[in-house]
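Scroll down for the structure; my scribbles are underneath it.
Bear in mind the structure is a predicted one, so any value in this text is a computation, not a measurement. Convention: sequence-line order gives letters A, B, ...; per-chain numbering from 1.
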There are 2 protein chains.
Amino acid sequence: MAGALSIFNNMVEYEAPQLNTVFHALGDATRRRMLRDLAGGERTVGQLAEPFSITLAAASKHIKVLEVAGLIRREVRGRLHVCRLDPGPLATAHEWLSVYERFWTSRLDGLERLLREEDAAKPSHPKGDDQ
Amino acid sequence: MAGALSIFNNMVEYEAPQLNTVFHALGDATRRRMLRDLAGGERTVGQLAEPFSITLAAASKHIKVLEVAGLIRREVRGRLHVCRLDPGPLATAHEWLSVYERFWTSRLDGLERLLREEDAAKPSHPKGDDQ
DNA sequence: GCCATCGTCAACCGGTTGGTTGAATAAATT
DNA sequence: AATTTATTCAACCAACCGGTTGACGATGGC
């Protein structure tokens with residue numbers, strides 16, 4: 001049943017080292033744009049660098065960051081370095097965030113959250129249940 | 001219909017500045033652990049710092065990073081700074097990642113991805129459709 | 001063989017990060 | 001009033017980040 005998704009159960013906590021590099025890689029707009037372009041198919045290093053007004057060397061560094069984070073795979077074809085999206089780490093990050101999904105859904109979104117903010121200032125709260 | 005979720009449509013591209021700070025904040029295991037603790041309810045700065053062998057000043061900096069990323073709200077009660085999770089930016093990040101969801105689902109997961117990797121080395125691929 | 005092209009590497013630079021220490025602020029306790 | 005408790009602030013540090021430049025290696029076209 002579970003298939004590939006079963007990998008993610010209990011993977012969230014243990015793969016913390018991966019999360020460091022993945023979230024760090026995603027924390028830069030240039031790299032996010034590169035991933036967006038790679039969602040359209042394979043791209044060479046030069047193609048990925050083209051939208052930006054940075055040197056090829058700088059783009060090369062960004063691509064290496066994405067690569068060590070496992071977000072892309074590189075295949076050298078002659079003198080071209082062809083990059084391809086690897087969605088695995090994105091899925092891991094998505095899965096990690098999903099743990100918090102209940103906080104922005106199920107009667108905690110929109111107006112209700114604002115009301116809760118007002119509420120928290122008053123004495124009613126007994127104590128947050130300990131983790 | 002969409003309700004609070006409709007906010008996120010077309011928010012992904014424009015709120016890029018937020019994504020920078022949010023993903024950066026998530027790129028640190030200490031801060032992720034703090035968020036996990038905050039998922040259990042309100043925590044003071046001291047309580048958040050307790051699991052780590054760092055100074056309170058260092059923890060205070062981490063908390064400020066989470067705060068400017070919008071991931072937590074702080075409320076000063078007497079001499080205690082009580083922190084509370086704000087799920088909004090987490091939802092934004094989750095939404096951003098969801099754009100790539102099709103890459104790890106729908107016949108691109110598990111074995112099929114491996115086969116695709118083998119496949120890409122051969123001439124069959126005509127050209128990735130642009131964007 | 002020659003030259004242009006694609007990409008990396010190494011060195012450097014200013015800014016940021018995560019950590020420390022020590023002093024400062026402010027509120028609760030005595 | 002004196003002290004303890006909770007937290008921030010300022011200064012400092014080594015490490016890292018994103019960018020540049022210039023040199024280098026390898027491939028492909030002529």
(request) Would you tell me if any nitrogen or oxygen in the side chain of A/H81 comes within less than 4.0 Å of OP1 or OP2 on C/dT8? (result)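 Answer yes for this pair, as a side-chain N or O of A/H81 is under 4.0 Å from OP1 or OP2.
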(message) Side-chain N or O of B/K64 versus OP1/OP2 of D/dC9: is the shortest distance under 4.0 Å?
(response)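 Yes, because at least one side-chain N or O of B/K64 sits under 4.0 Å from OP1 or OP2 of D/dC9.
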(message) Tell me every residue that passes side-chain contact (heavy atoms from CB on, under 4.5 Å) with B/H81, counting only those two or more places apart in sequence or in another chain.
(response)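 Once residues adjacent in sequence are excluded, the partners of B/H81 under the side-chain contact (heavy atoms from CB on, under 4.5 Å) criterion are B/V45, B/R74, B/V76.
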(request) Kindly indicate whether the side chain of B/F23, heavy atoms from C-beta on, has any atom under 4.5 Å from the side chain of A/D28. (result)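 No, too far: nothing below the 4.5 Å cut-off.
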(message) For B/R33, give me all partners under salt bridge (charged side-chain N to carboxylate O under 4.0 Å, His left out), at least two apart in sequence or on another chain.
(response)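 In terms of salt bridge (charged side-chain N to carboxylate O under 4.0 Å, His left out), with neighbours along the sequence ignored, B/R33 is linked to B/D37.
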(message) Could you work out, with salt bridge (charged side-chain N to carboxylate O under 4.0 Å, His left out) as the rule, every residue matching B/E50, not counting sequence neighbours?
(response)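 For B/E50, no residue satisfies salt bridge (charged side-chain N to carboxylate O under 4.0 Å, His left out) once neighbours in sequence are set aside.
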Expressed in angstrom and rounded to an integer, what is the separation of [X] atom [atom1] from [N] atom [atom2]?
X	N	atom1	atom2	answer
B/F23	D/dC17	CZ	P	18 Å
A/R31	D/dG19	CZ	P	8 Å
A/H24	D/dC16	NE2	P	11 Å
A/E75	C/dG7	CD	P	13 Å
A/Q47	C/dC6	CD	C1'	12 Å
A/I63	D/dG19	CD1	C1'	15 Å
A/D28	D/dC17	CG	P	11 Å
A/R74	C/dC6	CZ	P	16 Å

(request) Taking only the side-chain heavy atoms of B/T44 (C-beta and beyond), determine which of D/dC9, C/dC6, D/dT7 contains the nearest atom. (result)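 Closest nucleotide among those given: D/dT7.
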(request) Side chain of A/K61 only, please: which of D/dC17, D/dG19, C/dT8 is the nearest? (result)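 From the listed options, D/dG19 comes nearest.
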(message) Return whichever of A/T30 or B/L80 has its heavy-atom-nearest nucleotide of DNA chain D closer to the 5' end.
(response)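 Closer to the 5' end of DNA chain D: B/L80.
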(message) Is it the case that the side chain of B/R32 and the backbone of B/L26 share a donor-acceptor pair, with hydrogens and angles ignored and the cut-off at 3.5 Å?
(response)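 Yes, because the side chain of B/R32 sits within donor-acceptor range (under 3.5 Å) of the backbone of B/L26.
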(message) Walk along nucleotides 25-30 of chain C from 5' to 3' and tag each nucleotide B, S or - by protein heavy-atom contact under 4.0 Å, base first, then sugar-phosphate.
(response) --BS--
(request) Run the salt-bridge test on A/E75 and A/R73 with the 4.0 Å N-O cut-off and return the result as yes or no. (result)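 Answer for the salt bridge query: no.
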(request) Identify, residue by residue, the members of residues 49-60 of chain B with a heavy atom below 4.0 Å from DNA chain D, and return them in order of residue number, or none. (result)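 Hits under 4.0 Å, by residue number: B/L56, B/A57, B/S60.
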(request) Determine the interplanar angle of the A/H94 and B/H94 rings, folded into 0 to 90°, and report it as parallel if under 30°, tilted if 30 to 60°, perpendicular if over 60°. (result)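 Ring orientation of A/H94 relative to B/H94: parallel.
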Please list, one pair per line, the donor and acceptor atoms closer than 3.5 Å that link side chains of residues 51-64 of chain A to other protein atoms, with sequence neighbours excluded.
unit_1, atom_1, unit_2, atom_2, d
A/T55, OG1, A/A58, N, 3.2
A/H62, ND1, A/R31, NH1, 3.1

(message) Going by the rule ring pair (Phe, Tyr, Trp, His ring centres under 6.0 Å), which residues pair with B/H24 if we only count those two or more places apart in sequence or in a different chain?
(response)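 So B/H24 forms no ring pair (Phe, Tyr, Trp, His ring centres under 6.0 Å) with any residue.
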